[in-house]
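The next block holds one structure in the form of structure tokens; read it before the comments.
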Amino acid sequence: MPPLRRGAGGRDRGRHGRALRARGAVRGEDRARRPLAHLARPPARLRAHHRRGGAGRVTTIPYRFEQTASAAEVVERWSGLVAGEESGDEVSVAGRVMLSRPQGKLAFSQLRDSSGAVQLFAADGVTRDFDAFRKLHLGDWIGASGEVVRTRRGELSVKVSDWVLLAEARHGFGDKWRGVTDVETRFRQREVDLWANPGSRDALLLRSRLVRRTRERLWDLGFVEVETPILHPIPGGAHARPFVTHFRALDMDVYLRIAPELYLKRLVIGGLEKVFEIGRLFRNEGLSPRHNPEFTSLELYQAYADYRDIMALVEELVSGLALDVLGTTSITYQGRPLDLAPPWRRATMAELVSEATGHDVSVHTPRETLEKWARDADVELEPAWGPGKLMLELYEKTAEGDLWDPIFVYDYPKDVSPLARAHREDPLLAERFEAVVAGRELANAFSELIDPDEQLARFEAQAAALEAGDEEAMRVDTDYVRALEHGLPPTGGLGIGIDRLAMLFADASHIREVISFPMMRPEPPERPEPPAA
RNA sequence: GCGCCUCUAGCUCAACGGCAGAGCAACGGACUCUUAAUCCGCAGGUUGUGGGUUCGAAUCCCACGAGGCGCACCA
């Protein structure tokens with residue numbers, strides 16, 4: 001049956017475009033009338049093949065399909081066939097048609113499933129409804145059964161005897177050779193991106209393996225995986241602006257968590273000595289190649305451990321994950337080699353800043369001197385900054401970006417580390433470190449603050465800062481202080497950005513490459529809403 | 001938020017002040033071993049939106065929108 005002509009009956013895609021204008025209708029009116037105008041109409045081409053008339057039974061698309069082999073299994077298991085040989089073995093495969101080469105009374109197409117791709121070979125007289133088969137669109141899903149053969153030209157194929165349409169693709173999947181590069185399309189319609197660009201799928205699969213192996217490794221180390229609240233009455237555990245929402249039953253505002261830290265430490269107080277959580281955090285801050293408003297973190301806490309124990313754990317975990325997921329610790333990130341093998345370099349922040357500036361910098365350096373050096377380094381000073389903040393700014397301005405190979409930067413100023421325990425040897429420092437890889441913070445860890453009195457004092461200082469306008473400052477969490485009053489043993493804590501780690505392993509320059517559906521600005525409507533008639 | 005850059009057919013891209021084009025996809029046809037098949041044919045556009053300059057604008061200017069990169073903030 002010949003396909004219906006464009007415009008016939010007004011049922012095809014031409015309806016909201018050319019066909020209408022050809023009849024003199026106004027395109028804009030039509031589009032405004034139907035806000036879903038970008039959706040495709042059911043195409044006519046396969047109607048004869050899979051649609052039946054009559055109420056209640058409009059399609060022959062089956063409800064299930066029995067695969068007996070994946071594409072990769074077919075290619076692997078029958079790799080020994082020689083050109084022109086027929087195996088005598090029947091298989092059923094399913095997937096999406098990615099290439100189609102009808103040639104007279106033969107047709108070749110490539111079927112891709114999650115395992116890989118295999119060629120389908122169809123022939124008039126062999127393949128049921130051959131005429132419809134050769135009209136399949138790129139992107140259509142089908143299930144196909146037939147004998148595994150190798151064609152005369154040497155391509156392993158399933159010689160299709162029977163097949164069935166599983167879903168039709170009403171839209172294209174981009175240029176068959178170059179895929180889709182338009183960022184709007186790639187991330188607003190990620191399903192298109194995932195089919196059109198194999199690298200996109202690879203990045204998400206790599207992330208999945210990474211998360212899975214992270215869990216397994218931590219389980220093996222005796223950590224207990226837990227889930228703590230995402231709705232927090234008081235946002236805490238980090239410096240960040242929270243998202244606010246409202247809980248109707250209790251008529252109270254609640255916050256999407258900016259960190260699970262306080263709850264996890266309360267679990268340690270409760271006797272879960274080694275806990276971890278992998279989960280989503282929400283920070284009401286900007287979008288950037290390295291920031292998504294919701295992102296995934298790993299946080300873990302280990303009783304009886306200090307920050308040096310955690311350093312050892314981090315380098316072991318990250319290098320081990322590289323081996324698990326990539327098979328090597330020698331990786332390339334954005335064209336530059338990088339080795340994750342332990343031991344990682346360790347340097348105090350004061351050492352790094354001194355190295356970078358040429359001055360002998362420490363948190364004990366007089367404030368005026370620090371201010372001068374900071375100005376020399378083009379740091380934009382703020383009057384409220386103390387020596388610790390000045391040193392941190394100086395570090396971030398002069399030293400951090402130049403770090404490439406993995407390094408533990410430790411002994412942070414205490415006044416910029418409100419949840420870390422004071423240094424055992426220097427009261428102006430905190431026992432805190434960050435792991436920096438490829439010039440970026442990958443992990444943040446400390447010997448946890450365990451003293452309830454000091455915790456309360458620091459909360460109060462934060463609350464004062466909040467009052468003074470610092471929207472990222474913390475609030476006083478009396479529940480948490482009361483928990484500390486029950487006794488938190490010496491504990492080492494760690495946070496790792498899973499997205500950042502996935503970026504590193506996937507060699508991704510943008511965080512959205514490793515997020516299935518990254519945050520996007522809402523798509524603007526094609527036209528303003530028409531005025532009410 | 002600031003600076004620079006980008007936006008052309010469903011997709012990937014040309015045309016850079018003088019008739020808006022190609023490849024792929026789609027549509028019609030030929031073809032019994034293709035590999036991004038090939039060949040013939042047919043369609044497809046308010047050149048992101050609005051305004052300006054000009055005899056003439058996809059092209060130059062302005063504004064707006066969306067996006068990218070960098071800076072700032074942050075993990």
Side-chain angles (χ1 to χ4, degrees), chain A residues 2-6 12-14 17-19 21-22 27-28 38 40 43-45 83-84 98-110 117 119-126 130 134-135 137-139 149-155 157 159 169-188 192 196 238-241 258-259 281 283-299 378-380 396-397 434-435 440-444 471-472 495-501 503 509-512 520-528:
Chain A
L4 297 178
R5 269 303 297 166
R6 182 179 298 283
D12 70 8
R13 267 178 274 191
R18 300 172 293 278
R21 264 189 303 132
R27 182 193 194 187
H38 63 285
R45 73 195 150 87
M98 298 307 287
L99 292 170
S100 180
R101 291 184 287 270
Q103 177 170 333
K105 293 186 164 36
L106 297 181
F108 302 87
S109 59
Q110 186 189 68
Q119 177 168 273
L120 301 181
F121 171 62
D124 196 12
V126 172
F130 176 78
R134 62 193 294 280
K135 285 181 183 159
H137 272 185
L138 306 191
V149 303
R150 194 178 286 282
T151 60
R152 280 180 230 159
R153 293 288 172 87
E155 185 76 20
S157 308
K159 186 173 167 186
R170 294 182 188 177
H171 300 280
F173 277 80
D175 189 282
K176 73 182 178 188
W177 183 237
R178 295 197 246 191
V180 174
T181 60
D182 179 61
V183 172
E184 288 282 291
T185 310
R186 284 193 57 209
F187 295 103
R188 285 193 197 282
V192 174
H239 286 99
R241 287 193 199 192
I258 55 174
L281 269 37
R283 299 193 181 173
N284 207 339
E285 289 160 359
L287 288 169
S288 90
R290 286 171 291 282
H291 299 86
N292 197 62
E294 54 180 304
F295 63 101
T296 301
S297 83
L298 160 67
E299 282 206 13
D378 288 332
V379 175
E380 288 180 26
E396 287 176 351
K397 190 78 176 184
E434 290 193 352
R440 291 181 196 152
E441 179 188 339
L442 185 72
N444 186 14
E471 294 185 61
E472 295 181 351
I496 289 185
I498 293 292
D499 312 85
R500 296 276 175 87
L501 189 59
M503 285 173 69
S509 63
H510 204 297
I511 194 169
R512 66 183 172 218
M520 301 287 281
R521 204 178 292 259
E523 210 162 353
E526 280 194 63
R527 300 178 61 84

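For the numbers below, each heavy atom of this structure counts, side chains included, while hydrogens, waters and symmetry mates do not. The sequence lines fix the lettering, A, B, ..., with proteins before strands; numbering per chain opens at 1.
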Rounded to the Å, how far apart are A:Asp175 CG and B:A26 P?
12 Å

Less than 3.5 Å between a donor and an acceptor, one on the side chain of A:Gln103 and one on the base of B:U32, is that the case here?
no

Dot-bracket, 5' to 3', for RNA chain B please: Watson-Crick or G-U pairs under 3.5 Å, [ ] where pairs cross earlier ones, | where the partner sits on another strand, dots elsewhere.
(((((((..((((....[..))))..((((.......))))......(((((..]....))))))))))))....

Contact class for A:Gly174 vs. all strands (heavy atom < 4.0 Å): base, sugar-phosphate, or nothing?
sugar-phosphate

What integer number of Å spans the C1' atoms of B:A58 and B:C7?
11 Å

Sugar-phosphate, base or nothing in reach of A:Gly84, heavy atoms under 4.0 Å:
nothing

Between A:His137 and A:Gly139, is there a donor-acceptor pair closer than 3.5 Å when you use the side chain of the first and the backbone of the second?
no

Determine the Euclidean distance between corresponding C1' atoms of B:G52 and B:C73; express it in Å to zero decimal places.
38 Å

A:Leu287 CG to B:A72 C1', straight-line distance once rounded to whole Å
15 Å

Using atom C1' in both nucleotides, what's the gap between B:U59 and B:G18 to the nearest angstrom?
11 Å

So which heavy atom on A:Ala196 is nearest to which on A:Phe173, and how close?
CB-O, 3.4 Å

Sugar-phosphate only, base, or nothing, as touched by A:Pro289 at under 4.0 Å among non-hydrogen atoms:
sugar-phosphate

Nearest heavy-atom contact between A:Met503 and A:Arg440 is CE-NH1, 3.8 Å

A:Phe187 atom CZ is separated from B:G67 atom P, nearest whole Å, by 13 Å

Taking all non-hydrogen atoms of both residues, which atom of A:Arg283 and which atom of A:Ala238 are closest, and how far apart?
NH2-CB, 3.4 Å

Could you please name the option among B:C33, B:C11, B:U32 that lies closest to any side-chain atom of A:Val180?
B:C11

Base, sugar-phosphate or nothing for A:Lys397? Non-hydrogen atoms, less than 4.0 Å.
sugar-phosphate

How close or far is atom P of B:C11 from atom CE of A:Met98, stated in whole angstroms?
16 Å

When you compare B:A20 with B:U46, how far apart are their P atoms, in angstrom units rounded to a whole number?
14 Å

Closest to side chain of A:Val183, choosing from B:C11, B:U35, B:G67:
B:G67

Step by step, would you call A:Val192 with A:Val180 a side chain to side chain contact (heavy atoms under 4.5 Å, CB included)?
CA-CA 8 Å; A:Val192 174; A:Val180 174; 4.2 Å; yes

With heavy atoms under 4.0 Å as the rule, sort A:Arg283 into base, sugar-phosphate or nothing.
base

Kindly say whether A:Arg290 contributes a backbone atom to a donor-acceptor pair with the side chain of A:Arg500 at under 3.5 angstrom?
yes

Using atom CD of A:Glu155 as one end and atom C1' of B:A36 as the other, report the distance to the nearest whole Å.
13 Å

Classify the nucleic acid contact of A:Phe173 as base, sugar-phosphate or nothing, counting any heavy atom under 4.0 Å across all strands shown.
nothing

With a non-hydrogen cut-off below 4.0 angstrom, is A:Arg134 in contact with a base, only sugar-phosphate, or nothing?
base

Indicate whether A:Phe295 forms a stack on B:A75; treat it as stacked only if centroid distance is below 5.5 angstrom and interplanar angle below 30 degrees.
yes

Which part of the nucleic acid does A:Leu99 contact within heavy-atom distance under 4.0 Å: base, sugar-phosphate only, or nothing?
sugar-phosphate

Does A:Asn284 reach a base, just sugar-phosphate, or nothing at all? Heavy atoms under 4.0 Å.
nothing

Heavy atoms from C-beta onward define the side chain here; which of B:A66, B:A36, B:C33 lies closest to that of A:Lys176?
B:A36

Report which part of the nucleic acid A:Thr181 touches: base, sugar-phosphate, or nothing (heavy-atom distance under 4.0 Å, all strands).
sugar-phosphate

Using atom CG of A:Leu138 as one end and atom P of B:U12 as the other, report the distance to the nearest whole Å.
15 Å

Per atom distances to the A:Arg178 side chain, the nearest of B:C13, B:C69, B:A75 is B:C13

Say we look at B:C62 and B:U6: how far apart would their P atoms be, to the nearest angstrom?
13 Å

Is the phosphate of B:C73, meaning OP1 or OP2, less than 4.0 Å from a side-chain N or O of A:His239?
no

Tell me the interatomic distance from A:Asp124, atom CG, to B:C33, atom P, rounded to whole angstroms.
14 Å

Please report the distance separating the C1' of B:A57 from the corresponding atom of B:G3, rounded so that it comes out in whole Å.
28 Å

As a test of reading the structure: which of B:C27, B:G68, B:A66 is closest to the side chain of A:His137, going by heavy atoms?
B:C27

Rounded to whole Å, how long is the line connecting atom CZ of A:Arg290 with atom P of B:C69?
9 Å

With rounding to whole Å, what would you report as the distance between B:C16 and B:G21 at their C1' atoms?
14 Å

Just by modelled atom types, is the A:Asn284 backbone N or O under 3.5 Å from a matching donor or acceptor in the A:Arg241 side chain?
no

Of A:Ser509 and A:Gly497, the one whose nearest nucleotide on RNA chain B sits closer to the 5' end is A:Ser509

Any base atoms under 4.0 Å from A:Asp182, or only sugar-phosphate, or nothing? Heavy atoms, all strands.
sugar-phosphate

Applying side-chain hydrogen bond (donor to acceptor under 3.5 Å, both in side chains) between A:Gln119 and each of A:Arg150, A:Arg101, A:Glu155, report the one that passes.
A:Arg101

Scanning both residues in full, the closest heavy-atom pair of A:Lys176 with A:Leu99 reads CD-CD2, 3.8 Å

For A:Gln110, report the nucleic acid contact type (base, sugar-phosphate, nothing); a contact means any heavy atom under 4.0 Å.
nothing

Check every strand shown and say whether A:Glu441 touches a base, only sugar-phosphate, or nothing at a heavy-atom separation below 4.0 Å.
sugar-phosphate

Please name the pair of heavy atoms, one in A:Glu285 and one in A:Ala240, separated by the smallest distance, quoted to 0.1 Å.
OE2-CA, 3.3 Å

Which heavy atom of A:Asn292 sits nearest to which heavy atom of A:Leu287, and what is that distance?
OD1-CD2, 4.1 Å

If you measure from the P atom in B:C5 to the same atom in B:G45, how many Å do you get, rounded?
32 Å

